[in-house]
Amino acid sequence: MVRALGFYQGLSASPFVSLSSSTSTSALSWISSIVDDISEINVEVQDFMDTGDQQLWEDLGTYKGQETGWSQIAMIDFFSEKAKFSSALPKTAGILKAAAGTRIGPRHVALARQKRGTGIPQHCDLFNWMLTLHLPLLGPGAGCGIIVDGERRDWVPGKPSVMDTTFLHETYNESEDDLILLLVDFWHFELTDLECDELKEFLLLTNYVGQGMKDNE
């Protein structure tokens, strides 16, 4: 059992969200818009990896005594846009903002990296009004990915996946290469714009959205 810190009644829940189901296809069409521009994103990200300021990466560090190998450069953190991302990756930032729009929130939008031979131990993010998009960009096509509620899925460059991280999950990279991906936390597709606005106001008032990484109880 895992205690929820934030729960909104009536939202559907499954470890992975189908991007082709009748209930989610139209609501998540913005993801296809990002995938359509992935070649442009990849060019900019590869250029950044080759010549950009690598000190922008912020390491997660250790969790449960294990080196996670996870780091990220935040574009948006708790509704606040970070200038360093837009400066380093302006095309990517523009594509993400134009595609996702008001669905962005309530936690992170970032360029993330899972280093080879590492992984984040099992944890839970504890808020059911939030879903997470992972769009792998650069790296191995096998041996690196995420396990959600016991279901293992490799991150395949160019193939998006959406998960509900209220389910226990962990990452792994058993390959010889680092993997670079886009991470977008977004409002559950069953929430209306009004509900998103009200939840945002609530979170801003309480100044708390949580960072996950909670031990299961």
Side-chain angles (χ1 to χ4, degrees), residues 2-9 11 13 17 27-28 30-31 34 41 45 48 53 55-63 68-90 92-114 120-121 123-135 146 148 160-171 180-215:
V2 176
R3 182 184 63 215
L5 293 182
F7 179 76
Y8 198 89
Q9 188 171 359
L11 298 178
V17 177
L28 299 179
W30 57 269
I31 295 175
I34 298 173
I41 292 171
V45 170
F48 170 78
D53 183 3
Q55 293 186 2
L56 294 178
W57 291 102
E58 297 182 6
D59 291 330
L60 179 61
T62 60
Y63 177 59
T68 64
W70 183 271
S71 57
Q72 61 187 44
I73 304 171
M75 175 182 137
I76 294 175
D77 186 11
F78 192 34
F79 308 113
S80 176
E81 187 170 348
K82 304 301 179 181
K84 64 181 181 181
F85 186 104
S86 297
S87 178
L89 299 158
T92 301
I95 290 168
L96 289 174
K97 286 188 287 186
T102 59
R103 303 311 294 184
I104 286 178
R107 194 173 55 163
H108 301 306
V109 177
L111 185 71
R113 174 175 60 192
Q114 182 69 68
I120 306 175
H123 63 285
C124 175
D125 292 346
L126 306 181
F127 295 88
N128 81 320
W129 54 66
M130 180 182 75
L131 297 172
T132 298
L133 164 69
H134 285 161
L135 178 57
I146 191 166
V148 185
S161 58
V162 172
M163 65 220 66
D164 181 341
T165 56
T166 58
F167 291 88
L168 288 169
H169 59 285
E170 58 191 290
T171 67
I180 308 297
L181 57 83
L182 287 176
L183 180 156
V184 181
D185 289 327
F186 64 96
W187 297 110
H188 195 293
F189 62 89
E190 292 174 349
L191 291 171
T192 66
D193 289 343
L194 175 60
E195 289 171 317
C196 293
D197 289 343
E198 293 299 315
L199 280 168
K200 179 178 179 179
E201 289 301 314
F202 168 76
L203 293 170
L204 288 171
L205 284 170
T206 59
N207 195 31
Y208 183 69
V209 72
Q211 298 302 310
M213 308 302 291
K214 304 294 183 181
D215 292 334

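Because only heavy atoms are used, hydrogens play no part in the values below, and waters and symmetry mates are left out as well, while side chains stay in. Here the structure is a predicted model, which is why all the values come from computation and not from measurement.
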**Asked** By ring pair (Phe, Tyr, Trp, His ring centres under 6.0 Å), which residues pair with Trp30, not counting sequence neighbours?
**Response** Phe186
**Any Met75 side-chain heavy atom under 4.5 Å of Thr92 side chain** = no
**Message:** Contact between Asp164 and Leu131 at the side-chain level, heavy atoms closer than 4.5 Å - yes or no?
**Reply:** yes
**Request:** For the residue pair Leu182 and Leu111, establish whether any side-chain heavy-atom pair is separated by less than 4.5 Å.
**Result:** yes
**Complete:** CG of Leu96 to CD1 of Ile104, rounded to nearest 0.5 Å, is 6.5 Å
**Asked** Taking all atoms of both residues into account, what is the closest heavy-atom pair of Leu56 and Phe48, and its distance?
**Response** CD1-CE1, 4.0 Å
**Complete:** For Leu183 and Trp70 the tightest heavy-atom approach is CD1-CZ2, 3.7 Å
**Prompt:** Looking at Glu58 and Lys84, does any basic side-chain N land under 4.0 Å from a carboxylate oxygen?
**Reply:** yes
**Prompt:** Sequence neighbours excluded, which residues qualify as side chain to side chain contact (heavy atoms under 4.5 Å, CB included) partners of Ile95?
**Reply:** Asp37, Glu40, Ile41
**From CG (Asp185) to CE (Met130), nearest 0.5 Å** = 4.5 Å
**Complete:** Taking every heavy atom of Trp187 against every heavy atom of Thr102, the minimum-distance pair comes out as CD1-O, 3.6 Å
**Request:** Search all heavy atoms of Ala110 against all heavy atoms of Ala74 and return the closest pair with its distance.
**Result:** CB-CA, 3.9 Å
**Request:** Please confirm whether the backbone N or O of Leu168 pairs with a side-chain atom of His123, one donor and one acceptor, at under 3.5 Å?
**Result:** no
**Message:** Just to verify, what does Thr192 make a side chain to side chain contact (heavy atoms under 4.5 Å, CB included) with, not counting sequence neighbours?
**Reply:** Leu194, Glu195
**Prompt:** Do the side chains of Gln114 and Ile180 get nearer than 4.5 Å, heavy atoms only?
**Reply:** no
**Request:** Applying salt bridge (charged side-chain N to carboxylate O under 4.0 Å, His left out), name anything that partners Glu81, two or more places apart in sequence or on another chain.
**Result:** Lys97
**Request:** List for me each residue that meets side chain to side chain contact (heavy atoms under 4.5 Å, CB included) alongside Glu170, sequence neighbours excluded, and say none if there are none.
**Result:** Gln122, Ile147
**Request:** Would you check if the side chain of Thr206 reaches a backbone N or O of Phe202 as a donor-acceptor pair within less than 3.5 Å?
**Result:** yes
**Prompt:** Any side-chain heavy atom of Phe189 within less than 4.5 Å of one from Val162?
**Reply:** no
**Request:** Report yes if some heavy atom in the side chain of Gln9 is under 4.5 Å from a heavy atom in the side chain of Phe7; otherwise report no.
**Result:** yes
**Asked** Would you find a donor on one side and an acceptor on the other, under 3.5 Å apart, between the side chain of Thr132 and the backbone of Met163?
**Response** no
**Message:** Just so I know, are the side chains of Arg103 and Leu191 near enough to count as touching, which here means a heavy-atom distance under 4.5 Å?
**Reply:** yes
**Message:** Rounded at 0.5 Å granularity, tell me how far CG in Leu135 sits from CD1 in Ile31.
**Reply:** 9.0 Å
**Message:** I'd like to check the side chain to side chain contact (heavy atoms under 4.5 Å, CB included) partners of Ser71; sequence neighbours left out, ordered by chain and number.
**Reply:** Trp57, Asp59, Arg113
**Heavy-atom check, side chain of Leu203 versus side chain of Trp129, under 4.5 Å** = yes
**Message:** Using salt bridge (Lys or Arg N to Asp or Glu O under 4.0 Å), reason through Arg107 and Asp125 one step at a time and then give a plain yes or no.
**Reply:** CA-CA 11 Å; Arg107 194 173 55 163; Asp125 292 346; 3.0 Å; yes
**Fill in**
NZ (Lys82) and NE2 (His108) are apart, to the nearest 0.5 Å, by 10.5 Å
**Prompt:** Any sub-3.5 Å donor-acceptor pair from Thr68's side-chain atoms to Gly61's backbone N or O?
**Reply:** yes
